[in-house]
Amino acid sequence: MKHLFPAALLAIASLGAAAQAPAPQVMMKIGYVNTERILRDAAPAMAAQRKIEAEFQKRDQELARLADQLKKMQDDIEKNAVTMSESQRRNREREFGEQNRDFQRKQREFREDLNQRRNEELARVVEQANRVINQIAEQEKFDLILQDAVYRSPRIDITDKVIKALESKPPAK
């Protein structure tokens, strides 16, 4: 037993020394991509925005026309309220209320449809961007590419590379 005790101490001491030795340095290649900038500046994102605007332009114009009608109706009611009979005024106000509710409903549906289409189109752009990011990561041997970060150095930002690659590729269907 006496012989094992010093050997155990020696083993424990050598473990402590190994724990204090500096670990070998591992070099990692890290990149950062600003997704917001891609969704704002990349050609596929701008094309998606133009597509959505064209798709919803007619409905937007119709809503603007309805808003003008409601404004004129409200102005007319206010201007002529004194000269109208009580029943005429009530009928006009009821008609205005019904048209206003209809307008509000159409406006809400428009916003919901617009948001849904925008989300669909932007999801396609993000999917395309992710494929490009993966290609860049494999070609340039990145270990890690981040899309959201509290802080990042400009030297690891590869957003411009991703945007250029997206612009050189045909849009994915």
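In this model, a donor atom of one side chain and an acceptor atom of the other lie less than 3.5 Å apart for Gln147 and Asn130. Between Gln49 and Glu53, the side chains place a donor N or O and an acceptor N or O closer than 3.5 Å (distance only, hydrogens not considered).
Not a single ring-ring contact (aromatic ring centres under 6.0 Å, His included) links Phe96 to another residue, sequence neighbours left out. With sequence neighbours excluded, the residues that form a ring-ring contact (aromatic ring centres under 6.0 Å, His included) with Phe56 are Phe110.
Closest heavy-atom contact between Ile52 and Arg117: CD1-O, 3.9 Å. Between Lys29 and Glu140, the shortest heavy-atom contact is NZ-O, 2.9 Å.
Inter-residue side-chain proximity for Arg101 and Glu98 is flagged as met; some heavy-atom pair is nearer than 4.5 Å.
Within 6.0 Å of the CG atom in Asn119, the count of heavy atoms belonging to other residues, nucleotides or ligands exceeds 12.
Under a 4.0 Å N-O distance rule, the pair Arg65/Glu62 qualifies as a salt bridge. Ion pair Asp75/Lys71 flagged as a salt bridge, since at least one NZ, NE, NH1 or NH2 atom sits closer than 4.0 Å to an Asp/Glu carboxylate oxygen. Using a 4.0 Å cut-off between charged side-chain N and carboxylate O, Glu121 and Arg124 make a salt bridge.
Expressed to the nearest 0.5 Å, how far CD of Glu93 lies from CE of Met84 amounts to 7.5 Å. The distance from the CE atom of Met73 to the CD atom of Gln69 is 7.5 Å, given to the nearest 0.5 Å. Here Arg131 contributes atom CZ and Gln128 contributes atom CD; the two are 6.0 Å apart, rounded to the nearest 0.5 Å.
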